[in-house]
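Working notes for the structure below.
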Amino acid sequence: MGSLAYIPVGERPFALVVQALANQFVRLDVSEPSRVLACTVIWSSLFKHFRDRQDDDPHLLVLRDTVRHGGANHVTIGDDGVLRMQGRICVPNVDGLRELIL
């Protein structure tokens, strides 16, 4: 889900800084008016590899299609595009990836 907003010319440098931080996986939380919390999101290279290879597993492709058509109860596709079952990452059964985590 995304959003579109008008940014006045005077605020564009600030918006560019925020975008640069996002590109470096820094997330800002401004839930309190007087504070800004910045946190770095670190992704494991193993996680990235699992995510990138999910579409190479024919069983996960069928499961992904089932989720998209509303036919899977405990399986979701997250905002990051990762297929999860009951909140756990579905590890593709390709190139010995499953053995990497055992």
Side-chain angles (χ1 to χ4, degrees):
M1 178 157 123
S3 62
L4 180 64
Y6 170 76
I7 300 175
V9 174
E11 295 176 16
R12 287 187 185 155
F14 176 69
L16 292 173
V17 169
V18 170
Q19 181 63 48
L21 288 171
N23 290 341
Q24 296 173 13
F25 303 107
V26 174
R27 301 292 177 253
L28 301 177
D29 178 5
V30 289
S31 56
E32 294 184 37
S34 62
R35 297 181 183 160
V36 175
L37 173 65
C39 65
T40 303
V41 178
I42 298 174
W43 292 58
S44 163
S45 60
L46 195 56
F47 172 84
K48 183 180 181 310
H49 203 58
F50 292 159
R51 181 191 66 203
D52 293 345
R53 300 298 306 272
Q54 280 187 339
D55 290 338
D56 296 338
D57 184 327
H59 298 292
L60 292 184
L61 282 175
V62 170
L63 188 57
R64 184 180 296 272
D65 191 50
T66 304
V67 170
R68 288 183 177 144
H69 290 93
N73 293 334
H74 300 290
V75 183
T76 59
I77 300 173
D79 292 338
D80 53 9
V82 174
L83 191 64
R84 290 181 171 85
M85 183 175 290
Q86 296 181 341
R88 297 180 179 189
I89 298 168
C90 295
V91 178
N93 193 17
V94 294
D95 296 338
L97 289 179
R98 290 186 176 178
E99 285 76 24
L100 286 174
I101 59 173
L102 295 177

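What you are looking at is a predicted structure, and each value in this text was computed from that prediction instead of being measured.
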For residues 66-78, dump all side-chain donor-acceptor pairs below 3.5 Å to protein atoms at least two apart in sequence or in another chain.
{"from": "Thr66", "atom 1": "OG1", "to": "Val62", "atom 2": "O", "distance (Å)": "2.9"}
{"from": "His69", "atom 1": "ND1", "to": "Asp65", "atom 2": "O", "distance (Å)": "2.8"}
{"from": "His69", "atom 1": "ND1", "to": "Asp65", "atom 2": "OD1", "distance (Å)": "3.4"}

Residues 81-88 side chain polar contacts: donor-acceptor under 3.5 Å, at least two apart:
{"from": "Arg84", "atom 1": "NH1", "to": "Asp80", "atom 2": "OD1", "distance (Å)": "3.1"}
{"from": "Arg84", "atom 1": "NH1", "to": "Asp80", "atom 2": "OD2", "distance (Å)": "3.4"}
{"from": "Arg84", "atom 1": "NH2", "to": "Asp80", "atom 2": "OD2", "distance (Å)": "3.0"}

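Going from atom CG of Leu60 over to atom CG of Asp55 covers 8.5 Å, rounded to the nearest 0.5 Å. A distance of 5.5 Å separates CZ of Phe50 from CG of Leu97, quoted to the nearest 0.5 Å.
In this view, Asp56 and Arg53, Val94 satisfy the side chain to side chain contact (heavy atoms under 4.5 Å, CB included) rule, not counting sequence neighbours. Under the side chain to side chain donor-acceptor pair (under 3.5 Å) criterion, Asp52 pairs with Lys48, not counting sequence neighbours.
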